[in-house]
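Everything on this sheet refers to the single structure shown next.
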Amino acid sequence: KVIDKPNKVLYNHSRTKFLRNHFRLEVILMSILKFKNNVIPYTVNKAMSGALCICVDGNEVIVNAPWYVSRRHIQEVIIEKRQWIISKIEEYNKNRNSFLDKGVIKLLGNDYHICILYKNHITPTINLINGKVEVILPAKYKKLEDSDILRILMEKLYFKVCCNELEKSMEKARLLLGIAPEDYCIEDLGNTIAKFSFDDRCISFSPCIARYRSEIIDYIVIHEFCHLKYKTHSKGFWNIIEKYCPNYKKYEHELEGIKI
């Protein structure tokens with residue numbers, strides 16, 4: 001049975017499912033598949049349950065298999081499906097050359113080229129691969145103006161990255177300072193990157209925070225946490241900032257023109 005999914009293709013090889021509700025057994029084996037003059041590595045993940053499954057994700061081949069399946073049997077299945085695997089890898093590499101360059105965005109301090117590819121997908125998907133934001137759009141969107149679609153997708157990407165980074169930064173700040181706000185939210189703040197509300201003790205963050213590298217995001221979070229103790233940027237406020245962020249002046253310089 002072959003299942004096509006956005007940027008990920010699965011081939012399910014039927015076997016009896018065993019111990020479905022048990023924990024995964026984390027055993028990883030590395031093997032190779034010869035292809036023309038090249039060697040394609042594939043990873044074998046052993047688990048306590050599930051069926052043998054070959055996943056081709058880009059140029060990466062992963063085999064998920066129950067613990068009792070032998071390496072010899074896995075190799076036999078790989079050889080049996082060799083042409084299918086190679087065809088998916090060739091299809092991926094061919095499609096990579098068909099992406100349309102749509103400019104550059106800043107994400108976590110790095111530049112990412114935005115590339116669009118139109119395929120027979122039901123919904124748009126975004127992948128971050130090798131310094132690129134690969135946007136795969138349904139073929140029916142070809143006749144539409146893609147600037148608005150891209151804007152919406154990039155906003156969603158920023159929001160998602162912002163959520164992930166803030167979860168980590170806020171937990172670090174809580175453990176470091178021993179204090180935390182009542183709540184936080186992510187919303188458009190115009191030219192302000194973050195602000196603290198003294199009325200409801202809530203911090204608001206702009207999704208644009210995702211443009212900056214992790215160290216600056218950590219600083220912004222600590223900066224807002226310090227407002228829990230100091231309403232203004234007093235001497236005591238900056239003393240705490242300097243204690244926990246010795247390089248804060250460097251970060252302030254990189255945030256020049258942005259309100260926090």
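In what follows, every heavy atom counts, from backbone to side chain, and hydrogens, waters and symmetry copies are set aside. In this chain, residues are counted from 1 in sequence order.
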>> Enumerate the salt bridge (charged side-chain N to carboxylate O under 4.0 Å, His left out) contacts for residues 207-233, please, sequence neighbours excluded, ordered by first and then second residue.
In response: K172-D218, R213-E215, R213-E254
So [Y] and [X], do their side chains get closer than 4.5 Å, heavy atoms only?
X	Y	value
P124	P138	yes
V63	N45	no
I54	Y42	no
I203	V221	no
V161	L108	yes
I209	Y158	no
T43	V61	no
L166	Y184	yes

Rounded to the nearest 0.5 Å, how far apart are [atom1] of [X] and [atom2] of [Y]?
X	Y	atom1	atom2	answer
I78	H73	CD1	NE2	10.5 Å
T125	L137	OG1	CG	8.0 Å
M154	I126	CE	CD1	4.0 Å
K195	C202	NZ	SG	10.0 Å
F159	I186	CZ	CD1	4.5 Å
E80	I85	CD	CD1	10.0 Å

Measure across [X] and [Y] and return the closest heavy-atom pair with its distance rounded to 0.1 Å.
X	Y	value
S206	C162	O-SG, 3.9 Å
E187	P207	O-CD, 3.3 Å
I220	F205	CG2-CE2, 4.2 Å
A65	I74	CB-CD1, 4.0 Å
Y112	K132	CD2-N, 3.7 Å
E134	I129	OE1-CD1, 3.5 Å

> What do the steps show when you test L153 against L157 for side chain to side chain contact (heavy atoms under 4.5 Å, CB included), and what is the final call?
Replying inline: CA-CA 6 Å; L153 289 176; L157 175 62; over 6 Å; no
> For K156, what residues pass the side chain to side chain donor-acceptor pair (under 3.5 Å) criterion, not counting sequence neighbours?
Replying inline: none
Single-linkage hydrophobic cluster, 4.5 Å side-chain cutoff, [X] and [Y] together:
X	Y	value
I62	V44	no
L189	F225	no
Y219	L175	no

Would you please name every residue forming a salt bridge (Lys or Arg N to Asp or Glu O under 4.0 Å) with [X], sequence neighbours left out?
X	value
E171	R174
E167	none
K168	E165

>> Quick one, L255 with Y212, criterion side chain to side chain contact (heavy atoms under 4.5 Å, CB included). Give me CA distance, side-chain angles, the key distance, then yes/no.
In response: CA-CA 9 Å; L255 291 167; Y212 300 97; 3.7 Å; yes
> Under the side chain to side chain contact (heavy atoms under 4.5 Å, CB included) criterion, do V135 and I114 qualify, and how do the steps go?
Replying inline: CA-CA 7 Å; V135 180; I114 306 173; 4.1 Å; yes
For residues 236-247, run the donor-acceptor check on the side chains, cut-off 3.5 Å, and write out each pair with its distance to 0.1 Å, sequence neighbours left out.
{"unit_1": "W238", "atom_1": "NE1", "unit_2": "H233", "atom_2": "O", "d": "3.4"}
{"unit_1": "N239", "atom_1": "ND2", "unit_2": "K235", "atom_2": "O", "d": "3.3"}

>> For a side chain to side chain contact (heavy atoms under 4.5 Å, CB included) check, start with the C-alpha distance between L228 and F196, then their side-chain angles and the critical distance, and finish with the verdict.
In response: CA-CA 8 Å; L228 288 162; F196 177 70; 3.4 Å; yes
